[in-house]
A.B. asks: 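Here it is, the structure in full.
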Amino acid sequence: MAKWRCIVCGYEYDPTIGDPETGIKPGTPFEQIPESWVCPTCGAGKDQFEKM
């Protein structure tokens, strides 16, 4: 599974870790995260992420 980087702040979403603080379980691919999810660091939307 690929990692994704926020182009606004540089936060990296790692699917092996997920984002447990917002309910995204480890093993969740970026493509399966709800569209309403935002970067936990800066609040940017999913459209502000690029595949690494």
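If you're wondering where the values come from, they're calculated on a predicted model, not measured in any experiment.
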A.B. asks: Report yes if the side chains of C42 and Y11 come closer than 4.5 Å at any heavy-atom pair, otherwise no.
C.D. replies: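 Side chain of C42 against side chain of Y11, heavy atoms only: no contact under 4.5 Å found.
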
A.B. asks: Using a 6.0 Å cut-off, check whether atom CD of E50 has over 12 heavy atoms from anything other than its own residue.
C.D. replies: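 Atom CD in E50 is crowded, with more than 12 foreign heavy atoms closer than 6.0 Å.
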
A.B. asks: Closest heavy-atom contact between G45 and V38?
C.D. replies: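 Minimum heavy-atom contact is CA-CG1, 4.4 Å.
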
A.B. asks: Please examine the side chains of K3 and F49, heavy atoms only from C-beta on, and report whether any two atoms are closer than 4.5 Å.
C.D. replies: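 Sidechains of K3 and F49: no contact.
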
A.B. asks: Atom CD in Q32, atom CD1 in I24: separation rounded to 0.5 Å?
C.D. replies: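 It comes to 10.0 Å.
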
A.B. asks: So, do E31 and I33 sit near enough that their side-chain heavy atoms are less than 4.5 Å apart?
C.D. replies: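 The answer is no, as the side chains (C-beta and beyond) never meet within the 4.5 Å cut-off.
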
A.B. asks: Tell me, do W4 and M52 make a side-chain contact under 4.5 Å, heavy atoms counted?
C.D. replies: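 The answer is no; the side chains never approach within 4.5 Å.
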
A.B. asks: Looking at M1 and P29, what are the two nearest heavy atoms and their distance?
C.D. replies: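 Heavy atoms only, the tightest pair is SD-CG, 3.8 Å.
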
A.B. asks: To the closest 0.5 Å, what do you measure between CZ (R5) and SG (C39)?
C.D. replies: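 Output value for this atom pair is 12.0 Å.
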
A.B. asks: In the structure I gave you, are the side-chain heavy atoms of D14 and P26 within less than 4.5 Å of one another anywhere?
C.D. replies: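 They are not in contact (no side-chain heavy atoms under 4.5 Å apart), so the answer is no.
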
A.B. asks: Using a 6.0 Å distance limit plus a 45 degree cone around the ring axis, check whether K51 lies over the aromatic ring of F30.
C.D. replies: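 Geometry flag: not set, cation outside 6.0 Å or 45°.
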
A.B. asks: Can you name the nearest heavy-atom pair linking W37 to D19, along with the distance?
C.D. replies: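 Taking every non-hydrogen atom into account, NE1-OD2, 3.0 Å.
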
